[in-house]
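Here the structure is a predicted model, which is why all the values come from computation and not from measurement. Numbers restart at 1 for each chain; the letters A, B, ... are given by sequence-line order, proteins then strands.
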Number of protein chains: 2
Amino acid sequence: MIRGALASLLSLEPDIEVVGEAATGDEAVAVAAVTRPDVALLDIEMPGKDGITAAGEICREVPECHVMILTTFARPGYLRRAMEAGASAFLVKDSPARELAAAIRRVLSGERVIDPGLAAAALSAGPNPLSPREREVLSAAVDGSTINDIAARLHLSEGTVRNYLSSAIQKTSARNRIEAVQKAQDQGWL
Amino acid sequence: MIRGALASLLSLEPDIEVVGEAATGDEAVAVAAVTRPDVALLDIEMPGKDGITAAGEICREVPECHVMILTTFARPGYLRRAMEAGASAFLVKDSPARELAAAIRRVLSGERVIDPGLAAAALSAGPNPLSPREREVLSAAVDGSTINDIAARLHLSEGTVRNYLSSAIQKTSARNRIEAVQKAQDQGWL
DNA sequence: CGGCCCGCCTGACAAATGTCATCGCGAAGC
DNA sequence: GCTTCGCGATGACATTTGTCAGGCGGGCCG
């Protein structure tokens with residue numbers, strides 16, 4: 001519904017034409033490859049491939065396309081990863097709707113559009129401190145799995161999983177895995 | 001942004017006029033009390049007062065107003081509580097945008113609009129099995145607090161908190177508090 | 001009025017989780 | 001070729017968490 005509503009609204013702008021829509025990340029990449037638009041506007045949380053990896057693929061396969069990220073959550077790590085993937089803009093959904101068309105025009109003219117406060121937060125927070133393995137284990141813990149489940153799923157020993165969780169807990173300065181998961185998600189580290 | 005976009009879109013319909021917008025639950029109640037609209041369209045997850053209690057208050061204070069809930073999550077418990085609060089419609093955001101105006105017209109003509117599949121799920125799932133105390137404790141556990149934190153915050157003994165959590169875990173047929181919290185939230189029981 | 005029942009609270013035990021010290025192994029540097 | 005360094009893995013210990021078997025105390029029926 002949201003996507004459709006924004007598309008309708010953007011179509012009303014005289015200088016903007018909506019050439020395609022997609023519900024998933026993979027679909028977005030496929031549609032962009034065919035329609036070769038000037039701008040691709042992506043959400044991050046989507047079924048299937050997430051918006052950031054989709055952004056990377058679109059940048060690679062359709063180099064003339066400016067990729068913009070529009071997301072609900074202003075997480076520093078999201079911004080960082082979006083930029084590394086080659087995005088030209090990073091907008092959060094709580095800015096007024098009028099801004100969207102304006103941002104698209106600015107991106108088309110070659111500018112990069114980023115909320116200054118969020119940029120500062122992303123830089124001051126520093127890069128993701130979690131090692132790949134720690135991220136993997138922490139991600140496997142989000143759904144409330146027990147240590148044994150995680151160990152089985154990742155083909156690790158029980159104790160190993162504990163250590164990774166423990167170090168993730170310390171790096172996030174949390175008191176247990178639940179807080180660690182939440183803080184990591186807040187930062188966009190997963 | 002979403003609210004603004006939907007408002008713009010609805011304003012384009014010849015027979016619909018948007019008379020007010022609000023960012024929080026309390027604001028929504030206040031605006032409705034002043035503008036006395038035919039229809040109030042509410043989200044559930046909002047800062048401040050949540051949409052369901054706001055719906056109840058609007059129904060009480062502005063009886064001629066039809067309250068509609070538009071939410072991201074199709075949770076049975078949400079639907080149940082919305083209906084108990086007096087809502088006339090329950091829509092999820094993944095239906096197409098065109099449906100929204102149609103649903104508003106149907107509500108105005110006195111119909112109640114509910115997704116049939118969701119209604120079935122809400123009825124077959126039965127009512128919320130958690131006692132008030134269990135809900136309270138489980139809600140206090142969502143942010144990863146330790147048992148001691150919860151006990152202190154709720155002025156209970158440590159062991160008591162454990163028992164409530166334990167029984168909540170069994171009632172949700174989960175394996176630990178994390179799964180219990182997730183399942184309860186899925187059902188809209190918190 | 002008395003007993004019964006049920007929701008709420010407390011204490012002891014078992015299992016899981018979190019912490020620490022240590023080891024193995026491959027990559028980077030000399 | 002060797003050393004050094006750091007990530008990944010393992011095992012033993014303290015703490016937290018989950019389970020269970022009871023204790024009040026207030027409402028409902030006989």
Side-chain angles (χ1 to χ4, degrees), chain A residues 77 80-81 84 125-190, chain B residues 77 80-81 84 125-190:
Chain A
R80 178 181 297 265
R81 278 194 280 156
E84 283 165 4
N128 188 336
L130 269 42
S131 81
R133 214 67 171 151
E134 285 162 358
R135 254 190 331 191
E136 198 175 357
V137 172
L138 203 57
S139 306
V142 292
D143 61 354
S145 302
T146 77
I147 299 251
N148 266 313
D149 286 341
I150 302 174
R153 197 161 353 136
L154 268 53
H155 309 293
L156 291 177
S157 110
E158 184 200 355
T160 308
V161 173
R162 286 204 205 136
N163 274 0
Y164 281 118
L165 280 177
S166 180
S167 89
I169 288 169
Q170 296 185 327
K171 285 184 181 174
T172 53
S173 54
R175 284 176 307 175
N176 52 46
R177 71 172 74 177
I178 313 174
E179 274 190 13
V181 165
Q182 291 182 345
K183 291 196 175 188
Q185 289 191 131
D186 268 1
Q187 300 288 324
W189 286 342
L190 295 188
Chain B
R80 177 181 298 266
R81 278 193 281 156
E84 283 166 5
N128 188 338
L130 269 43
S131 81
R133 214 65 171 151
E134 285 163 355
R135 255 192 330 195
E136 197 176 359
V137 172
L138 203 56
S139 306
V142 292
D143 62 353
S145 301
T146 77
I147 299 252
N148 265 312
D149 285 341
I150 302 173
R153 198 161 352 136
L154 269 54
H155 309 292
L156 292 178
S157 110
E158 185 200 356
T160 308
V161 174
R162 286 202 205 136
N163 273 0
Y164 281 117
L165 279 177
S166 180
S167 90
I169 288 169
Q170 296 185 329
K171 286 184 180 174
T172 53
S173 54
R175 283 175 309 173
N176 51 48
R177 71 172 74 176
I178 312 174
E179 274 190 12
V181 165
Q182 291 181 346
K183 291 196 174 187
Q185 288 190 133
D186 268 2
Q187 300 289 326
W189 286 342
L190 296 187

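- Here dG18(C) presents its C1' atom at 13 Å from CD1 of Ile178(B), a figure rounded to the nearest Å.
- At whole-Å resolution of the value, CG in Leu165(B) and P in dC9(C) are 13 Å apart.
- Residue Ile147(A) contributes atom CD1, which lies 12 Å from atom C1' of dT19(C) at whole-angstrom precision.
- Ranking dC9(C), dC20(D), dC8(C) by closeness to the Gln170(B) side chain, first place goes to dC20(D).
- Between dC9(C), dG18(D), dT17(D), one nucleotide has an atom nearer to the side chain of Ser166(B) than all others, and that is dG18(D).
- Among dG8(D), dG18(D), dT17(D), the nucleotide with an atom closest to any side-chain atom of Arg133(A) is dG8(D).
- Salt bridge status for Arg81(A) with Glu84(A): absent, with no side-chain N to carboxylate O gap under 4.0 Å.
- The interatomic distance linking Leu154(A) (CG) with dA9(D) (C1') rounds to 14 Å, in whole Å.
- Comparing Ser131(B) and Arg162(B), the nucleotide of DNA chain C nearest to each residue sits closer to the 5' end for Ser131(B).
- Residue contacts shown for Asn148(A) are absent, as no nucleic acid heavy atom lies under 4.0 Å away.
- Remark: side-chain polar atoms of Lys183(B) are paired, donor with acceptor, to backbone N or O of Ser173(B) under 3.5 angstrom.
- Listed nucleotides dT17(C), dC8(C), dA9(D) differ in distance to Tyr164(B); the shortest reach to its side chain belongs to dC8(C).
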**Message:** Run the side-chain hydrogen bond (donor to acceptor under 3.5 Å, both in side chains) test on Ser145(A) and Arg153(A) for me, step by step, so that the C-alpha distance in whole Å, both residues' side-chain angles and the decisive distance to 0.1 Å come before the verdict.
**Reply:** CA-CA 10 Å; Ser145(A) 302; Arg153(A) 197 161 353 136; 2.8 Å; yes
**Item:** Trace of the side-chain hydrogen bond (donor to acceptor under 3.5 Å, both in side chains) decision for Thr172(B) with Glu179(B)
**Value:** CA-CA 8 Å; Thr172(B) 53; Glu179(B) 274 190 12; over 6 Å; no
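- Listed for the Gln170(A) side chain is no donor-acceptor partner under 3.5 Å among the backbone atoms of Leu165(A).
- Between Glu134(B) atom CD and dC8(C) atom C1' the separation is 10 Å, expressed in whole Å.
- Between the CD atom of Glu158(B) and the P atom of dT17(D) there is a distance of 8 Å, rounded to whole Å.
- One interatomic measurement links the two molecules: CG of Leu138(B) to C1' of dC8(C), which rounds to 17 Å at whole-angstrom precision.
- Here the C1' atom of nucleotide dA15(C) and the CZ atom of Arg175(B) are 14 Å apart, to the nearest Å.
- Heavy atoms of Ser157(A) sit under 4.0 angstrom from primed sugar atoms or phosphate atoms, though from no base atom.
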